[in-house]
Protein chains: 2
Amino acid sequence: MAVLNKMHSARISDLLDRIGRATHCLQFADGLNPAQWETLRYLARANRYSRTPTALADYLGTTKGTASQTVRALESKGYIQRVKRTCDRRSVWLELTETGQTVLARDPMARLEYAASALPPDLGGVLADGLSSLLRGLKSDCGGREFGVCAQCGHLDPTADGEARCGLTGDSLASEDRTQICVEFRAGPTGA
Amino acid sequence: MAVLNKMHSARISDLLDRIGRATHCLQFADGLNPAQWETLRYLARANRYSRTPTALADYLGTTKGTASQTVRALESKGYIQRVKRTCDRRSVWLELTETGQTVLARDPMARLEYAASALPPDLGGVLADGLSSLLRGLKSDCGGREFGVCAQCGHLDPTADGEARCGLTGDSLASEDRTQICVEFRAGPTGA
DNA sequence: AAGGATGATATCGACTCGAAACCAGTTTGC
DNA sequence: GCAAACTGGTTTCGAGTCGATATCATCCTT
């Protein structure tokens, strides 16, 4: 069984490697590069605390300087725009433009999703769970901040019925907000 | 069910994305870069027809020029060496050195393998199969040559008992050779 | 023997990334 | 209330990678 498992794990590792390489080349579509696609995807899924250059840098596992360059490139293409914040005038919000959303609809990673949707339905769930626990096993080694949604966040403070607020900022969170990625995410009692 | 499947496929896509990013950063260990690690791994697994710069370029999905630079970098570090071939004096064989094998033993992708081996045994097989068919679905889109082992190759010509030879080159293949990656691989009747 | 194909390498330019310097705005401490 | 420390963001610079092209040597075809 140990041998069998060893065989499987080598194969899994190889397959993931190859899938990674295959998707890598997909991510140069539309004149963008992988980092820029990641950024568009991130901005579409990040909540209002998290659509900033610094949070983006954290998410991408890069530096603020590099993230800034990516942002500039996307802005010059008209896919995102910077919005000055009033509360803290150093800070900037990044927002997808209309054009940006149109481009994101052509996300090349959708191919992967498409391929996944062709799997037998019962296999899909198992696959997702397997990958998820694989990632957990990996993540502890690799450093890198965790990003999760408010719904599973330790800061979430469910006050009244249906309502909830963030224990960190005190803001109340619409249900829409709670399904988005947050920089401040911390694994907590609410989460698994 | 369609909805369920859509959920799963989005999650799978996201997970693969994140695993890819996590492993990417791992592959800068020991002063090498991802392409160089890939090269070491490839050379360790490629058969004697396939340990050449051109085959490497094909495998990595890059150009010969770029592959040549990677080779040079690894050679200057002393991890591989070029061996002039006598049969075709244009051609070069790439071989791992002792040092190269030592370094490869510290392959950062082993972390992934380790994480995979921690999965429940039955899950491992399912996961591998799922990923495999996912890759198949993806590969048809993405172009990129298939690389497989002789044992599943259409060129394999099992002559006598236990013996086999390559129908392309006419060479007889030791059983060791048959488990290695070959550039000339072609999906054939022997394979699945 | 000549011309074309092939394996490999070198060179050049475009591009990306990380490190460090830098600027502006905010907070802290006296 | 002001200076120092801090923080968010941008800019600049250098290293490194990659792909395209040109070049060289060798092989193959006729």
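Since this is a predicted model, take the numbers as computed values, not measurements.
With sequence neighbours excluded, the residues forming a side-chain contact (heavy atoms from CB on, under 4.5 Å) with L123(A) are L119(A), P120(A), V126(B), listed by chain and number. For Q36(B), the side-chain contact (heavy atoms from CB on, under 4.5 Å) partners two or more places apart in sequence, or in a different chain, are L32(B), N33(B), T70(B), A73(B), L74(B), K77(B). Residues satisfying the side-chain contact (heavy atoms from CB on, under 4.5 Å) test with T66(B), not counting sequence neighbours, are T62(B), T63(B). Annotation: side-chain hydrogen bond (donor to acceptor under 3.5 Å, both in side chains) contacts of R85(B) (sequence neighbours excluded): S91(B). Residues meeting the ring-ring contact (aromatic ring centres under 6.0 Å, His included) test with Y79(B), sequence neighbours left out: none. Evaluation of the side-chain contact (heavy atoms from CB on, under 4.5 Å) rule for V71(B) yields L56(B), I80(B), R82(B), L94(B) as partners, not counting sequence neighbours.
Taking the charged nitrogens against the carboxylate oxygens, D58(B) and K64(B) have no contact shorter than 4.0 Å, which rules out a salt bridge.
Remark: C1' of dG8(D) and OH of Y59(A) are 21 Å apart, rounded to the nearest angstrom. A straight line from NZ of K64(B) to P of dA25(D) spans 16 Å, rounded to a whole angstrom. Protein atom CZ of R51(B) is 17 Å distant from nucleotide atom C1' of dG7(C), rounded to whole Å. L56(B) has its CG atom 14 Å from the P atom of dG7(C), to the nearest Å. Look at CD on E75(B): it is 10 Å from P on dA10(C), rounded to the nearest Å. Between the CH2 atom of W37(B) and the P atom of dT17(D) there is a distance of 15 Å, rounded to whole Å.
Hydrophobic cluster membership for W93(A): V83(A) (Ile, Leu, Val, Met, Phe, Trp, Tyr linked by side-chain heavy atoms under 4.5 Å, directly or transitively).
Across all strands shown, S68(A) has heavy atoms under 4.0 Å from base atoms, whether or not it also approaches the sugar-phosphate.
Between R85(B) and dA8(C) there is no side-chain N or O to OP1 or OP2 distance below 4.0 Å. A sub-4.0 Å separation between OP1 or OP2 of dT6(C) and a side-chain N or O of T54(B) is absent.
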Generate the contact string for nucleotides 15-25 of chain C. Rules: B means base contact, S means sugar-phosphate contact only, - means no protein heavy atom under 4.0 Å. -SBBS----BB
Quick test: give all pairs of protein nitrogen or oxygen and nucleotides 1-5 of chain D nitrogen or oxygen below 3.5 Å, distance rounded to 0.1 Å.
none

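Neither side chain, D129(B) nor S132(B), offers a donor N or O lying under 3.5 Å from an acceptor on the other.
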